[in-house]
Enquirer: 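Pasting a structure below so you can have a look.
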4 protein chains.
Amino acid sequence: MPRSTARREEILTVAGELFRQKGYHATSMQDIADRLQLQRGSLYAHIDSKEELLFEIVDRAADRFLEGIERAWREGRTARERLRRALAAHMSVIADHRDTASVFFHEWRFLRDDLRRRIQVKRDRYEARWRELVADGVRRGEFRAVDPRFAALLALSAVNWAYQWYSPEGPLSPAEVAEAFADLILQGLEGRGAPATAELAARAGAAASPGSAPPGAAGADDGAGSR
Amino acid sequence: MPRSTARREEILTVAGELFRQKGYHATSMQDIADRLQLQRGSLYAHIDSKEELLFEIVDRAADRFLEGIERAWREGRTARERLRRALAAHMSVIADHRDTASVFFHEWRFLRDDLRRRIQVKRDRYEARWRELVADGVRRGEFRAVDPRFAALLALSAVNWAYQWYSPEGPLSPAEVAEAFADLILQGLEGRGAPATAELAARAGAAASPGSAPPGAAGADDGAGSR
Amino acid sequence: MPRSTARREEILTVAGELFRQKGYHATSMQDIADRLQLQRGSLYAHIDSKEELLFEIVDRAADRFLEGIERAWREGRTARERLRRALAAHMSVIADHRDTASVFFHEWRFLRDDLRRRIQVKRDRYEARWRELVADGVRRGEFRAVDPRFAALLALSAVNWAYQWYSPEGPLSPAEVAEAFADLILQGLEGRGAPATAELAARAGAAASPGSAPPGAAGADDGAGSR
Amino acid sequence: MPRSTARREEILTVAGELFRQKGYHATSMQDIADRLQLQRGSLYAHIDSKEELLFEIVDRAADRFLEGIERAWREGRTARERLRRALAAHMSVIADHRDTASVFFHEWRFLRDDLRRRIQVKRDRYEARWRELVADGVRRGEFRAVDPRFAALLALSAVNWAYQWYSPEGPLSPAEVAEAFADLILQGLEGRGAPATAELAARAGAAASPGSAPPGAAGADDGAGSR
DNA sequence: TATGAATGAGCGTTCATTCAT
DNA sequence: AATGAATGAACGCTCATTCAT
């Protein structure tokens, strides 16, 4: 199989979109072919299997997330700054590669054992980086003596879950969401003075039309109920 | 259809387990029947359709989560206490009804429009309660003037994501997990003094054999790789 | 799967017939279903796979051939008599289970490794019996000091090949064919006196309409060119 | 289409090999192209269809067999000698053009009606020659008054079947196999004195390691179990 | 209640072949 | 001569569901 041709990229893009909207199992090769105005068998001139599509989408997402935290680590000076950058990087991936990221979180478990294991390795490395980042902050005295596991998990949960509700069409940029979370995670609910997100709060509140659910809805995606 | 018989409950239990392990679409009626040593067709003496099973599982989970936060609100006096109770209640549902909760998060989007909307209503109410809880804390002066949307979302994300990694076989009780998160959310990373979770940290660290990955793994569930 | 129901036997019969006529790979489940006025998927209520059909057909044939030679060995007194009986038994299987026998010779190699090996064991045993039969005759002094391998192979080839040309509708009974071969194999071309088949020759010659090809054509089967 | 170019011959050779190993229907144009390091579609610059390949392979084999018996007839003086030569010629074709011969026996029936009929004509002619050869021997008084049909069929069956078990890598040359069969066919099992194959028997016995099974196995070919 | 045979649609994939380049 | 993208049909098989018994 050619690793990368224009047609193949088209297929991957469409597959990513459909996998996110309908789920891997509920998306048929027919669905993908229809969007490209192709016969379903014709896809196999470009790919080996449906599962290959899933793997490639998930693998690319894993690489993007990993790249993000590696760069955050390299480019940040303090633990505080690194955490902010890591949150921002994660949000960026979700914003810029919405389909891919969503499939990464939702559908990776449908990969067969060997492929899933390869993804698991990257997931584990990603999470380990987060824990190191927090542990380093504790060691430096920037953070309280919290359990790095829980603290990393809190930060990660916040941004992991974002694929469920974040929309690039909403009023907030990925950077702004990351900053709001960073503020909360660093300072907590019971703290001194006004949070950095005071102004954001106003904006988000103003823009939130009822039913559109930003942010706070653990919300329904588009497309899911189509079939 | 009889709304509730012993057989029907058996079917729901098995379906919940399989939906969690393999996903809704990858679970066949055959799979369910096999576990109950029944013929495929015999299931339809008790249920109307596969989708009905999914709806009922998801709907029950929604009710449990809602019940939890309502009681937390009623029984807690301070915002701080209510938040702790709400986190604990959520973790309890995840721990006590693991299959149901997992299906609630993962598979609800495969419901057809009308059924999905009914679930959406309950999800929205649940999230609204969380926002009210935070907003109330801000109003009372217990919390900083944070955006309730973001703060509620942070707390909710932490426990929502827990269905991905929490295992009742792990070293931590749901209450302990909830407490750890509460501590972090309330105090933040940069707080004063030792966190309430200092002792927990030791225990979790001691018990966590590499590979078993609690807490911190966004990890793979059992059963997913069955095919 | 139920090992034997009326429907299942019907399917096996039809499959045997079609596999012989068109070959295993050129026969589709659709073809089989059509003959039974069934949907192609409905077959799978009775069988596990197409290959299972092939295996069962081939395995039954193997058993019949084996049974035949075992009985010939038990019931014959002299080597001469045993050889005659073995030839007759083989021809009987071909005559009475034409489809099965034909598939046994032609299609067995399309079984996957493990199933093919199970058949191979029976084939090997069958051929070993033939060699023992001849070797015993040589030992007893009934036969010349021929190589049992070649002699057994000659006899076996004659009757193995019969599935290609023998037709129950032809003028000769399986017993008569077996006798003619037995006479030739035992006495050879250069011998004393008239062969036992002198009368047969007349009959066969009279009945052989040109083109119907009995015996002597390595001939075409019916049905092969249908698709 | 060019009738014969170097490329075309390559294709025919590869097709013959694959058709023998896997069967006509189980061999795809992809398989053939792969071996030649060509694209599927490129084959059609040299041939018209897959069936054309089959026809040409089978037709060439038919010609070779026919040529063999014609020459045996011309070059032999006595019936006995002609029979020996005919057997040897047949074995030579099988040994020297193993793929082609094997496909001739196994796959010719997959030709469509008109092409199959053209092959049938040659097969009929070939068998007729064998019968004439025997009939002539009877007429001359060299052979017993056997039915020429059965006698020809016996000889033909022996060598026809050889494509199933004969291997050029085995201990016996085609000529030796032919001689062994000729001896048996001419003299029969119950003859006078030692057979001409006494020495052969020793050699074959010595060389035949159990499992390799020459001669006597109606055996499995290489390649069949590839999938 | 439960069976088991059947349906009819759909699945992912392979196929021989075509054709513009 | 050869490529590579595409076709359209067919493949073996699975699915949720129905229904007479």
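Chain A is the first sequence line, chain B the second, and so forth, proteins listed ahead of strands; every chain is numbered from 1.
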Enquirer: With sequence neighbours excluded, what pairs up with B:Arg117 under the salt bridge (Lys or Arg N to Asp or Glu O under 4.0 Å) test?
Expert: none
Enquirer: Quick one: A:Lys22 NZ to E:dC11 C1', roughly how many Å, whole number?
Expert: 13 Å
Enquirer: Could you list the residues that satisfy salt bridge (Lys or Arg N to Asp or Glu O under 4.0 Å) with D:Arg35, not counting sequence neighbours?
Expert: D:Glu17
Enquirer: How would you list, by chain and number, every residue that makes a side-chain hydrogen bond (donor to acceptor under 3.5 Å, both in side chains) with D:Glu10, sequence neighbours excluded?
Expert: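 Scan of D:Glu10 (side-chain hydrogen bond (donor to acceptor under 3.5 Å, both in side chains), adjacent residues dropped) gives D:Arg7.
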Enquirer: Would you indicate what B:Leu38 reaches in the nucleic acid, counting non-hydrogen atoms under 4.0 angstrom: base, sugar-phosphate, or nothing?
Expert: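 Counting heavy atoms under 4.0 Å across all strands, the contact made by B:Leu38 is with sugar-phosphate only.
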Enquirer: With B:Arg64, which residues qualify under side-chain hydrogen bond (donor to acceptor under 3.5 Å, both in side chains), at least two apart?
Expert: B:His97
Enquirer: How would you list, by chain and number, every residue that makes a side-chain hydrogen bond (donor to acceptor under 3.5 Å, both in side chains) with C:Ser28, sequence neighbours excluded?
Expert: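 Applying side-chain hydrogen bond (donor to acceptor under 3.5 Å, both in side chains) to C:Ser28 gives C:Asp31.
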Enquirer: Using whole Å, report how far CD of B:Gln39 lies from P of F:dA16.
Expert: 15 Å
Enquirer: Nucleotide by nucleotide, 5' to 3', does protein get under 4.0 Å of the base (B), only the sugar-phosphate (S), or neither (-) in nucleotides 14-21 of chain E, counting heavy atoms?
Expert: BSBBB---
Enquirer: Would you write the dot-bracket representation of DNA chain E, where each base gets (, ), [, ], | or . depending on whether it forms a Watson-Crick or G-U pair under 3.5 Å and with which partner?
Expert: .||||||||||||||||||||
Enquirer: Write down the distance between CG (C:Leu53) and C1' (F:dC13), rounded to a whole number of angstrom.
Expert: 13 Å
Enquirer: Run the side-chain hydrogen bond (donor to acceptor under 3.5 Å, both in side chains) test against A:Lys122 and tell me which residues pass, sequence neighbours left out.
Expert: A:Asp59, A:Asp63
Enquirer: So B:Tyr163 and B:Arg98, side-chain contact (heavy atoms from CB on, under 4.5 Å) or not? Walk me through it.
Expert: CA-CA 7 Å; B:Tyr163 83 94; B:Arg98 196 191 182 193; over 6 Å; no
Enquirer: Using the test side chain to side chain contact (heavy atoms under 4.5 Å, CB included), find all partners of C:Ser49 that sit at least two apart in sequence or belong to another chain.
Expert: C:Glu51, C:Glu52
